[in-house]
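As structure tokens, the structure follows; a few thoughts come after it.
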Amino acid sequence: MSKLQLYDVIIVGGSYAGLSAAMTLGRAKRYVLVIDDNNPCNRQTPHSHNLITHDGEPPAEIRRKALEQVMRYDTVSFYDGTAIAVNNRQTYFETHTSQGDVFSSKKIIFTTGVTDIMPSIKGFAECWGISVLHCPYCHGYEVKDTPLAVIANEKMAYEYSRLIHHWSKDLKLFTNGKSTLAEEQTAALRSHGIEIIEDEITELQHKGGELKQLIVKSGKAYPLTAVFAKAPFTQHCTIPQQLGCELNEQGLIRVDDFQHTNVHGIFAAGDNSTLFRSVGVVIAAGIKAGAMANHQLIEEEFR
Ligand SMILES: Cc1cc2nc3c(=O)[nH]c(=O)nc-3n(C[C@H](O)[C@H](O)[C@H](O)COP(=O)(O)OP(=O)(O)OC[C@H]3O[C@@H](n4cnc5c(N)ncnc54)[C@H](O)[C@@H]3O)c2cc1C
């Protein structure tokens with residue numbers, strides 16, 4: 001396909017949300033270019049769970065199959081690279097890549113995900129997605145009824161501990177500094193046998209990402225199978241913000257129920273616009289974004 005071609009839709013981000021949008025648009029006979037540099041947030045996790053038909057498969061294998069199926073649609077093209085800038089020319093968008101290519105499209109969908117920011121605790125990043133887990137629906141079953149910990153403080157600590165306690169009664173809460181829990185929350189957690197440890201965490205000792213023990217500043221070691229922790233995140237790609245797309249108070253791209261951003265012609269789907277991070281959820285959002293981009297094109301074409 002020529003670089004001068006005006007695509008119907010360019011999709012920036014070709015992981016689960018992006019490929020789902022691409023399939024929807026390919027099946028709607030739309031000329032689509034998917035631009036992706038293959039850096040999904042779950043790349044370190046050995047097995048992805050809680051997606052029927054793919055339960056327990058390596059994440060890269062799910063993406064490989066998705067890409068293979070999407071590329072069967074001859075109106076869909078794939079570009080292996082990074083989008084670095086997009087100009088909104090009002091009637092079309094011009095997307096520039098780090099390799100110096102420029103592509104044009106009538107609509108654009110951002111399915112660019114988020115970047116999790118690893119804390120400076122030694123071993124945390126190496127265990128991320130293996131034995132430092134963020135979501136019990138994705139990974140709780142595999143570690144159920146084993147010695148677990150939650151690393152959290154402030155607002156989230158109570159709710160998160162209560163949630164993880166459902167998967168294992170052998171649970172500790174590490175606040176990694178002075179606890180900010182309310183007295184009644186502390187009492188409620190203790191009444192369920194959850195020990196609250198305020199010592200600073202110095203290290204997660206592990207073997208190949210499999211947690212062995214958590215070490216605190218006093219030197220005390222706590223043998224654990226896994227810890228649950230949420231990492232702060234930022235948008236993986238800031239082009240939507242540069243184009244005037246609003247973020248909400250959680251740092252997610254603000255979209256309506258149909259994945260429209262506040263800028264006409266620009267859609268967003270997947271982790272970049274939902275807190276409900278799960279492959280199944282973002283696949284559904286990708287379908288909506290694809291269908292709604294097609295819908296907007298039809299509104300403009302059928303007059
Ligand atoms: C450690 C971990 C484990 C998880 N385990 C599970 C699980 O077991 N089950 C489950 O259902 N969910 C799991 N999740 C959640 C799931 O991985 C995400 O919800 C899902 O990957 C989000 O898909 P996405 O397409 O929105 O973004 P991502 O999968 O993060 O993909 C974004 C893509 O956009 C690309 N991109 C970004 N910017 C650009 C750019 N400028 N140019 C080109 N390409 C760009 C990236 O390289 C990447 O390929 C896990 C998440 C994490 C972090």
Side-chain angles (χ1 to χ4, degrees), residues 10-22 33-64 66-67 70 78-86 95-99 101 103 108-118 124-143 209 226 228-243 252-253 255 259 267-287 289-290:
I10 284 179
I11 299 171
V12 182
S15 180
Y16 313 101
L19 291 174
S20 170
L33 179 67
V34 180
I35 301 178
D36 183 66
D37 56 14
N38 197 14
N39 200 12
C41 64
N42 62 354
R43 59 193 173 277
Q44 193 164 287
T45 229
H47 303 284
S48 184
H49 288 282
N50 205 15
L51 179 68
I52 51 172
T53 73
H54 291 284
D55 188 37
E57 268 184 48
E61 181 57 13
I62 301 174
R63 179 186 181 269
R64 188 196 64 72
L67 186 58
V70 166
F78 185 86
Y79 181 90
D80 186 359
T82 306
I84 53 164
V86 174
T95 301
H96 298 253
T97 74
S98 56
Q99 295 92 320
D101 292 311
F103 302 101
I108 189 154
I109 301 177
F110 288 97
T111 42
T112 37
V114 292
T115 301
D116 296 299
I117 302 164
M118 297 293 107
F124 190 103
E126 291 82 355
C127 295
W128 179 244
I130 302 168
S131 59
V132 173
L133 310 168
H134 76 294
C135 167
Y137 298 100
C138 300
H139 303 289
Y141 187 85
E142 285 62 42
V143 295
F228 281 82
K230 303 244 184 227
F233 64 82
T234 54
Q235 288 288 323
H236 190 140
C237 169
T238 55
I239 298 172
Q241 289 146 268
Q242 290 156 24
L243 288 165
L252 299 166
I253 300 174
V255 288
Q259 311 302 141
F267 301 77
D271 275 13
N272 65 9
S273 46
T274 180
L275 273 187
F276 212 113
R277 297 177 67 185
S278 129
V279 175
V281 168
V282 306
I283 287 173
I287 292 174

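Note that ligands are numbered from 1 as they come in the structure, with each ligand's atoms numbered from 1 the same way.
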Near Thr45 (heavy-atom distance under 4.0 Å), the atoms of ligand 1 are 3 (C)

Which residues share a side-chain hydrogen bond (donor to acceptor under 3.5 Å, both in side chains) with Asn50, sequence neighbours left out: none

Would you tabulate the side-chain donor-acceptor contacts of residues 34-41 under 3.5 Å, counting partners in other chains and residues two or more places apart, or write 'none'?
unit_1	atom_1	unit_2	atom_2	d
Asp36	OD1	Gly14	N	2.8
Asp36	OD2	Asn38	N	2.8
Asp36	OD2	Arg63	NH2	2.8
Asp37	OD2	Thr82	OG1	2.8
Asn39	OD1	Arg43	NE	3.1
Asn39	OD1	Arg43	NH1	3.3

Does Leu51 reach ligand 1, in the sense of a heavy atom lying below 4.0 Å from it? no

Taking only heavy atoms of Thr112, which atoms of ligand 1 are found under 4.0 Å from at least one of them? 32 (C), 34 (O), 37 (C), 38 (N), 39 (C)

Top protein contact for atom 6 (C) of ligand 1, by heavy-atom distance: Cys138 SG, 3.5 Å

Report yes or no: does His134 have a heavy atom closer than 4.0 Å to ligand 1? yes

Let me see the working for Ile239 and Thr112 under side chain to side chain contact (heavy atoms under 4.5 Å, CB included), right down to the final yes or no. CA-CA 10 Å; Ile239 298 172; Thr112 37; over 6 Å; no

On a heavy-atom basis, I'd like to know which of Pro46, Pro40, Gly81, Gly14 is closest to atom 43 (C) of ligand 1. Gly81

Out of all atoms in ligand 1, which are within 4.0 Å of some heavy atom of Arg277? Include the element for each. 15 (C), 19 (O), 53 (C)

Can you check side chain to side chain contact (heavy atoms under 4.5 Å, CB included) on Phe103 and Thr97, steps first, answer last? CA-CA 8 Å; Phe103 302 101; Thr97 74; 3.9 Å; yes

Approximate separation, where rounding is to 0.5 Å, of Ile109 CD1 and Ile11 CD1: 4.5 Å

To check your reading of the model: name the closest protein heavy atom to atom 36 (N) of ligand 1, its residue, and the distance in Å. Asp37 OD1, 3.6 Å

Test log, rule side chain to side chain contact (heavy atoms under 4.5 Å, CB included), inputs Thr45 and His139: CA-CA 10 Å; Thr45 229; His139 303 289; 3.6 Å; yes

Is any N or O atom of Asn39, backbone or side chain, closer than 3.5 Å to an N or O atom of ligand 1? yes

Nearest non-hydrogen protein atom to atom 26 (O) of ligand 1, with distance, is Asp271 N, 2.9 Å

Tell me whether Asn50 has any N or O atom under 3.5 angstrom from an N or O of ligand 1. no

Rounded to the nearest 0.5 Å, what separates atom CG in Leu19 from atom CZ in Phe78? 7.0 Å

Atoms of ligand 1 less than 4.0 Å from Gly13 heavy atoms? 34 (O), 35 (C)

Under 3.5 Å: N/O of Gly270 near N/O of ligand 1: no

Report the member of Asn42, Thr82, Thr238 with the shortest heavy-atom distance to atom 17 (O) of ligand 1. Asn42

Side chains of Tyr137 and Ser278: is there a donor and an acceptor less than 3.5 Å apart? no

Contact partition for Val281 relative to ligand 1, non-hydrogen atoms under 4.0 Å: neither

Val114 backbone acceptor or donor facing Gln235 side chain under 3.5 Å: no

Using the side chain to side chain contact (heavy atoms under 4.5 Å, CB included) rule, take Tyr16 and Asp271 through it: C-alpha gap first, then chi angles, then the decisive distance, then the call. CA-CA 10 Å; Tyr16 313 101; Asp271 275 13; over 6 Å; no

For the pair His49 and His47, name the ring-plane relationship: parallel under 30°, tilted 30 to 60°, perpendicular over 60°. tilted

Among non-hydrogen protein atoms, atom 41 (N) of ligand 1 lies closest to Ala83 O, 3.0 Å

In terms of its nearest heavy atom to atom 21 (O) of ligand 1, the top option of Tyr16, Phe276, Trp128 is Tyr16

Got an N/O contact under 3.5 Å between Val114 and ligand 1? no

Nearest protein heavy atom with distance in Å, relative to atom 12 (N) of ligand 1: Val279 N, 3.4 Å

Using only atom types and a distance under 3.5 Å, with no angle test, would you say the side chain of Asn272 pairs donor to acceptor with the backbone of Phe110? yes

Sub-4.0 Å atoms of ligand 1 with respect to non-hydrogen atoms of Ile35: 43 (C), 44 (N)

Between the side chain of Thr111 and the main-chain N/O of Gly13, is any donor-acceptor distance below 3.5 Å? yes

Enumerated ligand 1 atoms positioned under 4.0 Å from heavy atoms of Gly113: 27 (O), 32 (C)

So is there a nitrogen or oxygen of Asp36 less than 3.5 Å from a nitrogen or oxygen in ligand 1? yes

In the protein, which heavy atom is nearest to atom 5 (N) of ligand 1, and how far is it? His139 NE2, 2.8 Å

Checking Gln44 side chain against Ala125 main chain: does a donor-acceptor pair fall under 3.5 Å? yes

Name the closest protein heavy atom to atom 53 (C) of ligand 1, giving the residue it belongs to and the distance to 0.1 Å. Cys41 O, 3.4 Å

Closest approach of any protein heavy atom to atom 29 (O) of ligand 1, naming residue and atom: Ser15 OG, 2.7 Å

Hey, what do you get for CG (Leu133) to CZ (Phe228), rounding to the nearest 0.5 Å? 4.5 Å

Does even one non-hydrogen atom of Gln44 get within less than 4.0 Å of ligand 1? no

To the nearest 0.5 Å, atom CZ of Phe267 lies from atom CD1 of Ile108 at 11.0 Å

Within 4.0 Å of some non-hydrogen atom of Val282, the atoms of ligand 1 are 19 (O), 22 (C), 23 (O)

For Val86, does its backbone N or O pair with a side-chain atom of Thr95 as donor and acceptor, under 3.5 Å? no

Should you measure from each heavy atom of Ala17, which atoms of ligand 1 turn up under 4.0 Å away? 25 (O), 26 (O)

Going by distance only, is there an N or O of Ile239 that falls short of 3.5 Å from an N or O of ligand 1? no

